[in-house]
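In what follows, a single structure is set out as structure tokens and then discussed.
Per chain, numbering begins at 1; letters A, B, ... match sequence-line order.
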8 protein chains.
Amino acid sequence: MDPRRLRDLLDGVRKGTTSVDDAVAELKDLPYADLGYATVDQHRALRQGAPEVVFGHGKTPEQIVGIAQELARTGHNVLVTRLDPDKARVVCAALPSLRYAELARTATLEQAPIPALGAHPVALVSAGTGDLPVAEECAETLRMLGVAVERVYDVGVAGIHRLLHKRDVFERTSVVIVVAGMEGALPSVVGGMVAGPVIAVPTSIGYGVSFGGLTAMAGMLSSCASGVVVCNIDNGFGAAYAAGRILRARERY
Amino acid sequence: MDPRRLRDLLDGVRKGTTSVDDAVAELKDLPYADLGYATVDQHRALRQGAPEVVFGHGKTPEQIVGIAQELARTGHNVLVTRLDPDKARVVCAALPSLRYAELARTATLEQAPIPALGAHPVALVSAGTGDLPVAEECAETLRMLGVAVERVYDVGVAGIHRLLHKRDVFERTSVVIVVAGMEGALPSVVGGMVAGPVIAVPTSIGYGVSFGGLTAMAGMLSSCASGVVVCNIDNGFGAAYAAGRILRARERY
Amino acid sequence: MDPRRLRDLLDGVRKGTTSVDDAVAELKDLPYADLGYATVDQHRALRQGAPEVVFGHGKTPEQIVGIAQELARTGHNVLVTRLDPDKARVVCAALPSLRYAELARTATLEQAPIPALGAHPVALVSAGTGDLPVAEECAETLRMLGVAVERVYDVGVAGIHRLLHKRDVFERTSVVIVVAGMEGALPSVVGGMVAGPVIAVPTSIGYGVSFGGLTAMAGMLSSCASGVVVCNIDNGFGAAYAAGRILRARERY
Amino acid sequence: MDPRRLRDLLDGVRKGTTSVDDAVAELKDLPYADLGYATVDQHRALRQGAPEVVFGHGKTPEQIVGIAQELARTGHNVLVTRLDPDKARVVCAALPSLRYAELARTATLEQAPIPALGAHPVALVSAGTGDLPVAEECAETLRMLGVAVERVYDVGVAGIHRLLHKRDVFERTSVVIVVAGMEGALPSVVGGMVAGPVIAVPTSIGYGVSFGGLTAMAGMLSSCASGVVVCNIDNGFGAAYAAGRILRARERY
Amino acid sequence: MDPRRLRDLLDGVRKGTTSVDDAVAELKDLPYADLGYATVDQHRALRQGAPEVVFGHGKTPEQIVGIAQELARTGHNVLVTRLDPDKARVVCAALPSLRYAELARTATLEQAPIPALGAHPVALVSAGTGDLPVAEECAETLRMLGVAVERVYDVGVAGIHRLLHKRDVFERTSVVIVVAGMEGALPSVVGGMVAGPVIAVPTSIGYGVSFGGLTAMAGMLSSCASGVVVCNIDNGFGAAYAAGRILRARERY
Amino acid sequence: MDPRRLRDLLDGVRKGTTSVDDAVAELKDLPYADLGYATVDQHRALRQGAPEVVFGHGKTPEQIVGIAQELARTGHNVLVTRLDPDKARVVCAALPSLRYAELARTATLEQAPIPALGAHPVALVSAGTGDLPVAEECAETLRMLGVAVERVYDVGVAGIHRLLHKRDVFERTSVVIVVAGMEGALPSVVGGMVAGPVIAVPTSIGYGVSFGGLTAMAGMLSSCASGVVVCNIDNGFGAAYAAGRILRARERY
Amino acid sequence: MDPRRLRDLLDGVRKGTTSVDDAVAELKDLPYADLGYATVDQHRALRQGAPEVVFGHGKTPEQIVGIAQELARTGHNVLVTRLDPDKARVVCAALPSLRYAELARTATLEQAPIPALGAHPVALVSAGTGDLPVAEECAETLRMLGVAVERVYDVGVAGIHRLLHKRDVFERTSVVIVVAGMEGALPSVVGGMVAGPVIAVPTSIGYGVSFGGLTAMAGMLSSCASGVVVCNIDNGFGAAYAAGRILRARERY
Amino acid sequence: MDPRRLRDLLDGVRKGTTSVDDAVAELKDLPYADLGYATVDQHRALRQGAPEVVFGHGKTPEQIVGIAQELARTGHNVLVTRLDPDKARVVCAALPSLRYAELARTATLEQAPIPALGAHPVALVSAGTGDLPVAEECAETLRMLGVAVERVYDVGVAGIHRLLHKRDVFERTSVVIVVAGMEGALPSVVGGMVAGPVIAVPTSIGYGVSFGGLTAMAGMLSSCASGVVVCNIDNGFGAAYAAGRILRARERY
């Protein structure tokens, strides 16, 4: 219900042109969604600068262009995820202001300034070179959320010294995101090294019984390190968003 | 390596009783683990009051009593999880200072004061009465971590108004833990209602294609709400621990 | 929000003791759930006689007795499902007015008259004797919903003539519920014989690659007969409830 | 057996040219299927206008053209499902009277008038834009069955207010079909909001542990809302057909 | 339809007391199932001596006694399968003429002479001692079908010479049934050694990735030996029955 | 060991030119495989006319041509299975005497006369048009084995009368092969109608929870009709070969 | 064939009492298995002292006693695995010379001296206390094979320093066996630390998505450390046996 | 920490220019990883000639060329695995010194001499022609590790004599690698024939319930032959590497 309409109704009651019974009847059916929607709008206004996200998979280039153009027109920042190179060519030709990151398979439009989120960077750890597309999707999302990133790449557990060498990074970051495929063991080791939040992202890297990332995911959920939390397979976007949730809540208090 | 031993070695070098070559040889093999272990000890001292956790499943009552007694003797608080009533009877008879929570299947010993962790409570949301044991394991763990809890129970999505009715709780809590079995839809709805961190715990409640919690877990990982993170099935302890990680990191900065 | 509280607020506006601005502020937060809850209550009053359902699995006998007693006290009919014989003994000793159906594993309390639902009976078809517990849970639920039942039992597809022999039943029933385990082929054959709604219930009867009912369920969902709909494994209650939904909607128009 | 042939036989008995013994022998082997077939034919005649359905997947364009031409020649309406754009081009070139719906991947030929089925429309609810092809396959099938449709699209549970906003639709529709992928939570929420039949269609939208629609399907079958029934993954056609079964049965009485 | 009833009808037509139209109407609805049922009965009479089979799993001892008594009363041989020792004690106490085979978990009543089926014995091969219960269920079923058996036990592929040593058995048997758990490799080796029918029965023997017999079953279905056919896990009865089908068909020609 | 070589050795012993000790030493290592190989050769000679089978999947056209040419040169009949049209073009261009059956995806070379196997045809039953490629692979294999075939196509269980109409076919055939996808219910119905051997072949026809044929396969293995045996998914060749085993054994006695 | 029998035959040929043709005939059928069996016997004699293994699972105490007694009588060492405490009581009462290891669930009889196998011990690494039963089954098997063991227990990857602290053990051992449940990450870390053979044993420790050891097993098979080999879940015996194979081969050269 | 830096520090202590306290502080933080890294480097120098391995799957040709060029420039031997023909063309055009093995899908650069590893060859056994790519990947890896190979190809268990014929190979080889798809039975038979190490490699050869190699893998892990160890599906490289681990350890002592 439009606030104006609500005010009109109450004015009617005050003036006596609307009876209390009629107002009760109308207000009883007051559509919650409208109020809720308004709340959402205001909320969105508050976090001005945050990107609007377009999940590119399963959409045609035309659909993506249409949505992105509308968002661009209204001054929003835009993050398109899961945009493969073929589609990207079409989309970026139509919207030259979009910046395409091939490894991350994301396209971004940054027209409003992005306020910094979090006082410290997020550590972004990955196991092997095959995990980079997922890690970079995560990095691009963090960037669009205003979160600084410190990358710790190629530190798989089969060469454990590489990870130990990087322990100082964990001292200066607030959240650790760990991206790993195959057996997905890295978050367990990291989870034992840091006291702060650890978000694990399994990747579909591997073959045979890697089961397209299921083994890594189940391993992360079964982690012997307490309190490691997990996202869907290849969901670098989701891990970044979860880190944003943690940092945003922190800022609120 | 014991710091004293390190000092003795260096004293020998200084005095000339140990040659530089011998010291190099010994220090080259300097076991990292010892230093690491010391770090861990100091770290543990810093978070004094945090519980030592004993995973009760698969241990005999005698083993649990032995571990708990040793921890109790050294002044630690103790949290035993997954302790079924039969074992609990034996364990609590031997250690009467343990407090057993039947629904949560936890036993706790609280002899050191627990410093409060987090400026705001954690919201603990559950879908149905069958999810209570997992929710309560989570609540007991939060209590032992020093985290305040606000319970929002029995708000399954088939009666969505019950959840909407409780929206104010989400305004005053820092982290939301959502415990649900069956189709595991609750975290998606909650994730759309709050901007802060949402930790989802699937439970094994359900039958047939609930697959002992797998359906709920896969649903939570597939959630259409961005940035929801997930724990293993029935892992109320892990969700609490993850919330503790978030709040602890927040305190550090 | 209590209707009285709403009326008081509006009276205040009318009298001028409450300003329009204050009323807008309060009504903006008008909890939907309260209105919704009221709606639910009225709705429940409309379908007076319908049973309150208690899912017995995973509840202690004491919990079941507590819930059932409260429902009984307030004049409701009660249906307890998934109540195994051991629990039933305890529950029925405490609540002698409950009637226990051992095969169906249900307990019912029928104190308010149950209005008939549907002008024609529902056909309840089952494949083998092992499917009877699920079929009877379905039958008891239908009875408590006020739906008449015509049973067609033991008509598995390996003796197809037994089913063909019963074709006349399908002429005089409005909905067909088909309960089958093992390969779950029966709904396909029935779906080809009748033009009305066919609800299939897979059962966990079988061994090996019956996978506890998964094979039957997947077979029913893959049925070559168009428009057969499926419930969870062993969910006789759900199938009856779905039939009730169909018949209730029919009555509304 | 052709009714004429049956009449001839009986005429022979009456006239004495066929002995009772010979007639018994022949009638004993009276092929049921023939009578059954005749029944089917008469039945089909009764529901004149209903489409003949061609499942396009796995058929060559030539086969589809052949079948559709034969059906078209005999005056039937035709519905081809699962017809991808490449095949559609070939098929529609050969049969220009076919109307292809690209999103729904259906082709239809409507030459006989389609009598309306059901006094009220069916509500067709979908969670996200990725679910539209399945929803539209459902809509096209309903159209060819003579059922009116009211679409409620893009009301996923992560923005629950969008669904609540549309509650009035459920007041004026007879059956609700809910199409959703990912975690498949929408039918649970809808099932709690309406008292009439709810048919859930899982879609293969999602990635990772969405398992190509299995997670949505298992979630729908595990729904905490009682009496929700489920179709195979992406089976929009089947859901429409099930709704048709419900409405057809209603008309019969 | 009872043949007598059919004859009366035709007599009426012949005499003119029943019109041709009335007879057509009645015969059109002639229930196939009745004729079918009669066929079945005669068929059963032809294979007099074959056992009536009672699947004991999931039936109470009382139900088994009831069915067996009725069968015994009417002179049939009886085979009860999947009868565990506890139930067997109750059943055999009530029906002392039943003979219980503990290893095979079968009970048999042999009151009618069993005609021999097949001119040659069936070879019954098993891999390990753990497979014996399934093999013996198979042997008992063959015995009740009148089929002679030659046992070749404990010839697992890890000691391939044991199997090769027994090649002569395959020369003098008509069908080979191979019972094996774990990796289920035995039927592949046997299938390469014999030219006649090979029926493979996977057993649930094994642990871990034996998956309760699934690995053996999938291995048998994937056999590199052409034309090996497979039964459900632990289904010794089914394999015997399949052998009976082969031998019975052979006898017919 | 070549029989000639064996004879020479024994001649040496007889003549005294080879000592008994030397002969023992050599014979002790007598390679079984050689004798076995000879047996195989003789055996193969006995079943002159049977095809050599080339599994085309995963082989290059060049490899297939090479193998087939060698077989053709030595006078054998050849059956190539799983040969897709693209490869077939290359293979048949190089070997014009090969006959390619597109639906069956087989290529055959028939240069030696094929002796008839079995006194009666095999019934080849299939559920839907999508199952035809598998059924035809089966038919081509039977043809090359010398087995006559009687096809009963398109008799899925959703139109059960179509199958019942064909019951006479089962009277005049020795073995029934049933090919079905989706829910795989057809073999259960057929198994209840015939007393002879029933070989079920699941196909990968279907979508969603058809799981590429697994549901049909598990349904067939779980069949409520006793003694139905099963082949791997889409393995029409294997079913034909199994029928050949049955008929060959029958001929031997 | 008994070597004496072979010599007699050849003597007959030499003396002329057996014709060459008769000898050819008999030798052609010379059962390979007999020679093979003899080889096996001699081989077994060579590795005198190695235990005979009895897989206790699925055997009755009486069967185990019977087998063990026969082995004991003939002077063999005996290793019974998977012997639960209840059975062990019965077995050890009947065979007091058996030594039962409760944690390992093994019973051993050591009456012949066990020759040492391998010049260096095997390192036996385990992740958590729950893995001890499997590790100890492995240790007992190694002991009975004559292999020395160095235990490195409780070094899970969540506290990586504990493992690094033990690196010297890997310097002095020939083979490393790694036993771990939950996410099964330990073999990857160990595999990166040592150059020699690493045998991984997944255990069923864990819950939820640990899937009874499948997650650990799949993780080990997907290990990012090259050349790690894997045994079945909980198969401590098999890992020890594999180590024995490696050491035995080493000794041979 | 660089050894020189360590020596300078200790020299400072000896000379008194660095206090003991300062040295303790610095050494306490001595990065383990550096020492570990140095160890790795020296270790790598020791096994000069061993190839650097590049896992080609998921890398672009450009990336592979870049890595290989850097390795080539520094004098290493290079092994690229999982390099499909299309990529190989690009890579080999840029690096003409690379030798591509099409069947094995490997490219190798051999510029440093490869010292022989192991006194005896490794036996490389495969079941069918479809397994050759995996077997050849294994062979190429062994070659680059300096291990001699003896191939025993096409000895599947359905023609067991072919394998028995090759028993002498096992007498002269140190390790047996067995590559098999479909039911994966070959390692069980081989494991029963040899006393030394047996490494099993499942391949993805097969269809239907071969499940892309899972059935072979689970069969190998469930093997009734004790002590058979298993690699991931199609992991010929890993099996070779595991053999290298065994031979390398042997050389060390």
Side-chain angles (χ1 to χ4, degrees), chain B residues 126-131 154-167 170 178 180-195 198 200 202-228 230 232-233, chain D residues 126-131 154-167 170 178 180-195 198 200 202-228 230 232-233:
Chain B
S126 74
T129 53
D131 304 317
D154 203 22
V155 291
V157 297
I160 198 70
H161 58 278
R162 294 177 298 183
L163 178 64
L164 298 172
H165 198 49
K166 296 286 186 176
R167 270 185 311 151
F170 302 141
V178 188
M182 304 178 92
E183 77 273 59
L186 194 51
S188 293
V189 179
V190 171
M193 292 169 71
V194 306
V198 177
T203 73
S204 51
I205 287 302
Y207 60 91
V209 289
S210 295
F211 294 129
L214 273 179
T215 292
M217 194 195 75
M220 290 167 176
L221 287 160
S222 301
S223 176
C224 57
S226 303
V228 169
V230 183
N232 198 356
I233 297 163
Chain D
S126 75
T129 53
D131 304 318
D154 203 23
V155 291
V157 297
I160 198 69
H161 58 278
R162 295 177 297 184
L163 179 65
L164 299 173
H165 199 50
K166 296 285 186 176
R167 268 184 312 152
F170 303 140
V178 188
M182 302 178 92
E183 78 272 59
L186 194 50
S188 294
V189 179
V190 172
M193 291 169 72
V194 307
V198 177
T203 74
S204 52
I205 288 302
Y207 59 92
V209 289
S210 295
F211 295 128
L214 272 181
T215 291
M217 194 195 77
M220 289 166 176
L221 286 160
S222 300
S223 175
C224 56
S226 303
V228 169
V230 183
N232 198 356
I233 297 164

Fill in the blank from the handout: Of B/A158, B/S222, B/P187, B/G128, the largest count of non-hydrogen pairs under 4.5 angstrom with chain D goes to B/S222
Problem - Within residues 208-221 of chain B, residues adjacent to chain D where the heavy-atom gap is under 4.5 Å - result: B/V209, B/S210, B/F211, B/T215, B/A218, B/G219, B/L221
Completion exercise
Taken to the nearest 0.5 Å, the spacing of B/L164 CG from D/L164 CG works out to 6.0 Å
Exercise for the section: Just give me the residue among D/G184, D/C224, D/A180, D/A225 that pairs up with chain B most often, heavy atom to heavy atom, under 4.5 Å. Expected result: D/C224
Practice task
Check whether any side-chain heavy atom of B/V157 sits under 4.5 Å from a side-chain heavy atom of D/V157, and report yes or no.
Solution key: no
Handout entry: Distance, nearest 0.5 Å, that separates OG of B/S188 from CD of D/E183
Key = 3.0 Å
